[in-house]
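Quick notes on the structure that follows.
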Amino acid sequence: AIVAWFNGGEAAAKAHTKDTYLKGKKVAVLIDQRFDYRQAKYPRDRLSHNGADITIVANSMTECKEYRGVGSMKVDIGAQNASNERYDAIILTGGWAADTYRGYPDVRTFINKNLKNGTLIASINWAHTAFIDGNSVKGYSFACTPGMANDIKNAGGTPVLAAVHRDRNLVTCARDE
């Protein structure tokens with residue numbers, strides 16, 4: 001269970017193979033066709049490594065393919081059914097997938113319901129656009145690149161030109177690098 005990106009490298013990862021401080025926590029990772037493999041795989045693997053129960057959520061149960069052809073990911077549950085589940089955290093992947101899943105009412109319901117219920121939500125890169133289409137930007141501030149700042153502002157949110165920003169139960173990351 002060596003995790004290559006573990007802080008401290010391979011030796012530190014070996015020393016922490018029994019870290020299960022997330023045991024009992026349920027985390028959903030939202031993807032769709034053309035998702036960014038890094039934005040889904042690394043959080044899934046890292047959180048799972050520390051004991052979290054990871055569920056891959058998409059609009060449909062169709063296996064999702066990464067936009068560069070790097071890989072694919074099996075979907076565990078559709079967004080409509082995921083809205084009935086209780087999660088401790090949700091990770092929204094960005095990239096081309098966000099441009100697709102933001103148009104699905106079941107996905108927007110899943111995101112908005114959990115945001116309003118206080119679930120910790122982490123939004124990577126362009127996943128912020130799902131909040132715009134879901135009319136849930138107002139009252140929140142988002143880490144943004146200059147290119148997405150006007151979209152957030154026009155939707156009633158507050159853009160913050162920073163790599164990462166936290167506003168209550170919403171953690172936003174403007175870039176995936």
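These numbers were taken from a predicted model, which means no experiment stands behind them.
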- Message: With a 4.5 Å cut-off on side-chain heavy atoms, are K41 and M73 touching?
- Response: yes
Nearest heavy-atom contact between P43 and I91 is CB-CD1, 3.6 Å
Cluster question for you: counting only ILVMFWY and a side-chain heavy-atom cut-off of under 4.5 Å, with indirect links fine, are I77 and F35 together? no
| If you measure only the distance, is there a donor-acceptor pair under 3.5 Å linking the side chains of D36 and T93? | no
Between E85 and K26, is there a side-chain N and carboxylate O pair less than 4.0 Å apart?
yes
Count I, L, V, M, F, W, Y as connected when their side-chain heavy atoms are under 4.5 Å apart, and connections chain through other members. Are L115 and V107 then in the same cluster? yes
Single-linkage hydrophobic cluster I56~V70, side-chain heavy atoms < 4.5 angstrom: yes
Quick one: does V171's side chain get under 4.5 Å of L120's, heavy atoms only?
yes
In short, V137 meets G156 closest at the heavy-atom pair CG1-C, 4.0 Å
Quick one: does T55's side chain get under 4.5 Å of V29's, heavy atoms only? no
Shortest non-hydrogen pair, Y67 vs R34, comes out as CB-O, 3.6 Å
query: Considering only heavy atoms from C-beta outward, does the side chain of L30 approach that of I111 to under 4.5 Å?
result: yes
Could you tabulate the donor-acceptor pairs under 3.5 Å formed by side-chain atoms of residues 138-149, not counting sequence neighbours?
from : atom 1 : to   : atom 2 : distance (Å)
Y140 : OH     : N169 : OD1    : 3.3
S141 : OG     : H165 : NE2    : 2.7
S141 : OG     : D167 : OD2    : 3.1

Inset, instruction - Take D32 and T100 through the side chain to side chain donor-acceptor pair (under 3.5 Å) test and state the conclusion after the steps. - result: CA-CA 7 Å; D32 204 274; T100 304; 4.5 Å; no
CG of N112 to CG of N117, rounded to nearest 0.5 Å, is 10.5 Å
Handout entry: Trace of the side-chain contact (heavy atoms from CB on, under 4.5 Å) decision for K153 with T158
Key = CA-CA 6 Å; K153 184 177 179 184; T158 303; over 6 Å; no
Exercise for the section: Please say whether more than 12 non-hydrogen atoms of neighbouring residues, nucleotides or ligands are located less than 6.0 Å from CD in Q80. Expected result: no
Rounding to 0.5 Å, atoms SG (C173) and NE2 (H128) come to a distance of 7.5 Å
### Message
Using side-chain heavy atoms (C-beta onward) and a distance below 4.5 Å, is Y104 in contact with T109?
### Response
no
Separation between CG (N50) and CG (L22), nearest 0.5 Å, reads 5.5 Å
Say whether W126 and F131 are linked into one hydrophobic cluster, either directly or through other cluster members, by side-chain heavy-atom distances under 4.5 angstrom.
no
query: If you measure from the Lys or Arg side-chain nitrogens to the Asp or Glu carboxylate oxygens, is any gap between K23 and D53 under 4.0 Å?
result: no
Heavy-atom nearest pair, P159 first then G157, reads CD-O, 3.6 Å
Inset, instruction - State, yes or no, whether a side-chain contact exists between I90 and V27 at a heavy-atom distance under 4.5 Å. - result: no
May I ask you to test the Q33-T62 pair for a side-chain heavy-atom distance under 4.5 Å?
-> yes
*Is it the case that one hydrophobic cluster holds both I152 and V164, taking links as side-chain heavy atoms less than 4.5 Å apart, direct or via other members?*
no
I54 and R44 have their tightest heavy-atom pair at CG2-CG, 3.6 Å
- Message: For the backbone of G71 and the side chain of E66, can you confirm whether one donor and one acceptor N or O come within less than 3.5 Å of each other?
- Response: no
**Asked** With a 4.5 Å heavy-atom cut-off, do Y101 and L92 have their side chains touching?
**Response** yes
Shortest non-hydrogen pair, F110 vs S83, comes out as CA-OG, 3.3 Å
query = Which is it for D76 and K74 under the side-chain contact (heavy atoms from CB on, under 4.5 Å) test, yes or no, and what are the steps along the way?
reply = CA-CA 6 Å; D76 296 317; K74 181 180 172 259; 4.2 Å; yes
Going by atom types only, do E63 and S72 share a side-chain donor-acceptor pair under 3.5 Å?
yes
